[in-house]
Amino acid sequence: MAVEIKIVPGVAALNRVAAAEFKSAAESAIADRGAFRVALSGGNTPRSVYALLAQEYKTALDWGKIHIFFGDERHVPPDHPDSNYRMANETLLSQVPIPPGNIHRIRAELNPESAASDYEAQLRAEFKLKGGELPRFDLVLLGLGDDGHTASLFPGTPALRESTRLVVANQVSRLNTFRITLTYPVLNNAAEDLFMVSGKGKAEIAASVLRKSGAPEFPAQRVQPANGRLLWLLDQDAAALLPSQEAKG
Ligand code: 6PG
């Protein structure tokens, strides 16, 4: 499985390239399958990407055929400042003509286990899954934490070992909380996994995660779509410590 690494000058370029990737993935999925199913990332990096999508593609995309899911959620209600849903709603979903029924949020106001099984049921219904079938997202947006986590797959947590469930409640003792997260079987069944990584603060972990040799050490390294595209989009600051051959991108 080839890893594509794209390095762009700065965060503005990263936003533009990420938004363009979203647009092209949406257009081809809608053309081929009549719908585009995308899992959004949380955290800070995607905020400005979502805002740009709302600004630039409000009328250019067929939002009626776009279904929004979430890669993970914090164990908070949807109006909480830490809610990934709230962030995505404020920057994107409330700004574009997307039918409310196309927004599939994680009901993290429930207890963690119920939120996880509820979201698994939502995925099974929306993707019309039978038995052990996996959902195939057209695009999964991901970030990289400074400890090498992605979605809410944190180092040393139980979710890293999940091989059958689609969504789990993951106890993250480092944060003393639960997170609800998609699992590796789902991330690795996607048509495209797109990592967006920005800023000096991520240079060290990005270099460790993207090094060529050695067994996967960090959770983000285990995102390896079996039959899909893996694209790492970094700005120059985040790519600062990548071995030079990588810098050419
Ligand atoms: C979350 C995310 C998480 C995030 C990384 C990077 O809910 O926080 O899904 O995996 O992508 O922590 O976050 P930043 O973009 O804020 O650096």
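Every number for a ligand or one of its atoms is a count from 1 in the order of the listing.
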Sub-4.0 Å atoms of ligand 1 with respect to non-hydrogen atoms of [X]:
X    : result
L144 : 6 (C)
G143 : 11 (O)
T150 : 10 (O)
D72  : 1 (C), 2 (C), 7 (O), 9 (O)
R179 : 1 (C), 7 (O), 8 (O)

Aromatic plane relationship, F127 with F69 - under 30° parallel, 30 to 60° tilted, over 60° perpendicular: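 Judged by the thresholds at 30° and 60°, the geometry between F69 and F127 is tilted.
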H104 and H67 aromatic ring geometry - parallel, tilted or perpendicular at 30°/60° bounds: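 Parallel, since the angle between the ring planes stays under 30°.
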N or O contact, N84 vs ligand 1, cut-off under 3.5 Å: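 Yes.
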Residue-ligand contact S41/ligand 1, heavy atom below 4.0 Å: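 Yes, S41 has heavy atoms under 4.0 Å from ligand 1.
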Using 4.0 Å as the upper bound for N to carboxylate O, is an ion pair formed by [Y] and [X]?
X    : Y    : answer
E4   : R229 : yes
D138 : R37  : no
D237 : K202 : no

Sidechain-backbone polar pair: E56 side chain, K58 backbone, donor-acceptor under 3.5 Å: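 Side chain of E56 to backbone of K58, a donor-acceptor pair under 3.5 Å: no, none is there.
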Atom 13 (O) of ligand 1: the protein heavy-atom neighbour that sits closest, reported with distance to 0.1 Å: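 It is G43 CA, 4.0 Å.
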Residue, atom name and distance, where the atom is the protein heavy atom closest to atom 16 (O) of ligand 1: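 For this ligand atom, the closest protein heavy atom is N44 N, 2.7 Å.
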side-chain contact (heavy atoms from CB on, under 4.5 Å) evaluation trace for V223 with F195: CA-CA 10 Å; V223 177; F195 281 90; 3.8 Å; yes
For ligand 1, is any non-hydrogen atom under 4.0 Å from [X]'s backbone (N, CA, C, O), its side chain (CB onward), both, or neither?
X    : result
T45  : both
R74  : side chain
H149 : side chain
D146 : neither

Residue that, paired with T181, satisfies side-chain contact (heavy atoms from CB on, under 4.5 Å) out of N170, V167, I106: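 It is N170, the one option of N170, V167, I106 that forms the side-chain contact (heavy atoms from CB on, under 4.5 Å) with T181.
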Option of least heavy-atom distance to atom 17 (O) of ligand 1 (set: M87, R47, K202, E73):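 Comparing heavy atoms across M87, R47, K202, E73, the nearest one to atom 17 (O) of ligand 1 lies in K202.
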Of the listed options G42, A151, G145, closest to atom 3 (C) of ligand 1 (non-hydrogen atoms):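 Among G42, A151, G145, the closest heavy atom to atom 3 (C) of ligand 1 comes from A151.
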4.5 Å side-chain heavy-atom contact, V38 and F137: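 V38 does not reach F137 side chain to side chain.
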Check: F22 ring centroid to Y57 ring centroid under 6.0 Å: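 Judged by ring-centre distance (under 6.0 Å), F22 and Y57 do not meet the cut-off.
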